[in-house]
There are 2 protein chains.
Amino acid sequence: MINTNDFFDALSDETRRRLLALLVGDDELCVCELCYALDLPQPKVSRHLAVMRESGVLSVRREGLWIYYRIHSLLPAWAYRILDQMGQGCAALAIFQADRKRLKEMPNRPVRCCA
Amino acid sequence: MINTNDFFDALSDETRRRLLALLVGDDELCVCELCYALDLPQPKVSRHLAVMRESGVLSVRREGLWIYYRIHSLLPAWAYRILDQMGQGCAALAIFQADRKRLKEMPNRPVRCCA
DNA sequence: TGACTATATCTGTATTGGCGTATATAGTCG
DNA sequence: CGACTATATACGCCAATACAGATATAGTCA
């Protein structure tokens, strides 16, 4: 079960909120998609994902070379609702909209074979 | 209008979450009530309240010697819902329950005259 | 095996942010 | 005015954390 402090720690950084906002909408995305969408160096994205993976906010699945992250399915209901509201609150912001746009227009997105 | 970063910054510290959780339930409380409930030194509580006041998460009313804080009434709907869900998520935790208990049992609570 | 791709981790640095303590401000009341 | 109460702020210190850049790991495919 996730720790409350860890959950709010995930929300305390804008980069992490950008990652979460994408994942709330898209159910699962791989690291290279997230890097491309946020237009940030891969180690930076990877470190933030690691923080959230280690605290149980995100879960991970490997498929070949790609590693897919998603919102952890065992979060308590209130935590889901907060993520959802955060997504709504951020949807109006230019940065978050640009992230969505870049993701949508990303060339050669990896194809899930056996989601 | 509140800044999204500032809003999540308010949630990023446990002391601030304890303050917010009390205020979500009680509509307004003065600094000495909050100090007593959290059992923390006054400057520490005051500094955390100042952070949230300056970013527009809390608003303030003076009544004589006492200063009453409350959740700001102009937060966007999604922010309210997050505060509400945070309150529910934390309600199960011992620290937050103890805060409520101390507040309820506090002797000589100041009396609002003209709320 | 070796080249290549995707992702993770390490290392050193700079910044942020919380803390305790001391002190300042502001209002009340004699 | 001076004593008192409630609250706010300033200061110096320390720990946490984000960062860039370099490097390691792990899987794939020739």
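Computed over heavy atoms, backbone and side chain alike; hydrogens, waters and symmetry mates excluded. Quick note on labels: first sequence line is chain A, next is B, and so on, each numbered from 1. Treat the numbers as computed from the prediction; the structure is a model and nothing was measured.
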A.B. asks: Atom CG of Leu65(A) to atom P of dT25(D): distance rounded to whole Å?
C.D. replies: 16 Å
A.B. asks: Is there a residue in residues 44-52 of chain A whose heavy atoms reach under 4.0 Å of DNA chain D, and which residues are they?
C.D. replies: Lys44(A), Arg47(A), His48(A)
A.B. asks: For Arg47(B), is there an ion pair with Glu54(B) - N to carboxylate O distance below 4.0 angstrom?
C.D. replies: no
A.B. asks: With sequence neighbours excluded, what pairs up with Asp99(B) under the salt bridge (Lys or Arg N to Asp or Glu O under 4.0 Å) test?
C.D. replies: Arg18(B), Arg102(B)
A.B. asks: For the helix from dT1(C)-dA30(D) to dG30(C)-dC1(D), figure out the bend between the end axes, five pairs an end, and round to 10 degrees.
C.D. replies: 10°
A.B. asks: Tell me the interatomic distance from Leu34(B), atom CG, to dT7(D), atom C1', rounded to whole angstroms.
C.D. replies: 12 Å
A.B. asks: Could you state the CG-P distance from Asp13(A) to dG17(C), rounded to the nearest angstrom?
C.D. replies: 11 Å
A.B. asks: May I have the distance from Arg112(B) (atom CZ) to dA6(D) (atom C1'), rounded to whole angstrom?
C.D. replies: 14 Å
A.B. asks: Not counting sequence neighbours, which residues clear salt bridge (Lys or Arg N to Asp or Glu O under 4.0 Å) with Arg53(A)? List them please.
C.D. replies: none
A.B. asks: For dA8(C), does either OP1 or OP2 sit under 4.0 Å from a side-chain N or O belonging to Tyr69(A)?
C.D. replies: yes
A.B. asks: Strictly below 4.0 Å, heavy-atom distances to any atom of DNA chain D: list the hits from residues 15-22 of chain A, or just say none.
C.D. replies: Arg16(A)
A.B. asks: List the atom pairs, with distances to 0.1 Å, where a side-chain N or O of residues 4-13 of chain A and a protein N or O form a donor-acceptor pair under 3.5 Å, not counting sequence neighbours.
C.D. replies:
| residue | atom | partner | partner atom | Å |
| --- | --- | --- | --- | --- |
| Asn5(A) | OD1 | Arg17(B) | NH2 | 2.4 |
| Ser12(A) | OG | Asp9(A) | O | 2.7 |
| Ser12(A) | OG | Arg16(A) | NH2 | 3.4 |
| Asp13(A) | OD1 | Thr15(A) | N | 2.8 |
| Asp13(A) | OD1 | Arg16(A) | N | 3.2 |

A.B. asks: Starting at atom OH of Tyr36(A), determine the distance to atom C1' of dA6(C), rounded to an integer number of angstrom.
C.D. replies: 17 Å
A.B. asks: Counting only side-chain N and O atoms of Tyr68(A), is one of them less than 4.0 Å from OP1 or OP2 of dA6(C)?
C.D. replies: no
A.B. asks: Determine: side-chain N/O of Arg61(B) to OP1/OP2 of dT7(D), distance under 4.0 Å, yes or no.
C.D. replies: no
A.B. asks: Can you identify which nucleotide, out of dG27(D), dA22(D), dA8(D), has its nearest atom closest to the Pro43(A) side chain?
C.D. replies: dA22(D)
A.B. asks: Distance check needed: dA6(D) P versus Asn108(B) CG, whole Å only.
C.D. replies: 10 Å
A.B. asks: Of the non-hydrogen atoms in Cys30(A) and Trp66(A), which two are nearest, and what is the gap between them?
C.D. replies: SG-CD1, 3.8 Å
A.B. asks: What nucleic acid atoms does Pro110(A) come within less than 4.0 Å of, heavy atoms only: base, sugar-phosphate, or nothing?
C.D. replies: nothing
A.B. asks: Flag the pair Leu75(B) / Leu83(B) as yes when at least one side-chain heavy-atom distance between them is below 4.5 Å, and no otherwise.
C.D. replies: yes
A.B. asks: What pair of heavy atoms forms the shortest contact from Arg100(B) to Asp26(B), and how long is it?
C.D. replies: NH1-OD1, 3.1 Å
A.B. asks: Could you state the CD1-C1' distance from Ile67(B) to dA8(D), rounded to the nearest angstrom?
C.D. replies: 8 Å
A.B. asks: Can you check whether Val31(A) reaches Leu49(A) side chain to side chain, under 4.5 Å on heavy atoms?
C.D. replies: yes
A.B. asks: Do Gln42(B) and dA6(D) have a side chain to base donor-acceptor pair shorter than 3.5 Å?
C.D. replies: no
A.B. asks: So, Arg112(B) and Glu63(B), do they make that salt bridge, N to O below 4.0 Å?
C.D. replies: no
A.B. asks: Rounded to the Å, how far apart are Trp66(A) CH2 and dC4(C) C1'?
C.D. replies: 12 Å
A.B. asks: Does the side chain of Ile95(A) reach to within under 4.5 Å of the side chain of Leu38(A), using non-hydrogen atoms?
C.D. replies: no
A.B. asks: Can you tell me if Tyr80(A) uses its side chain to pair, donor with acceptor, with the backbone of Ser73(A) under 3.5 Å?
C.D. replies: yes
A.B. asks: Can you tell me if the side-chain N/O atoms of Arg53(B) get under 4.0 Å from OP1 or OP2 in dT9(D)?
C.D. replies: yes
A.B. asks: When rounded to the nearest 0.5 angstrom, what is the spacing between CD in Gln85(A) and CE in Met86(B)?
C.D. replies: 14.0 Å
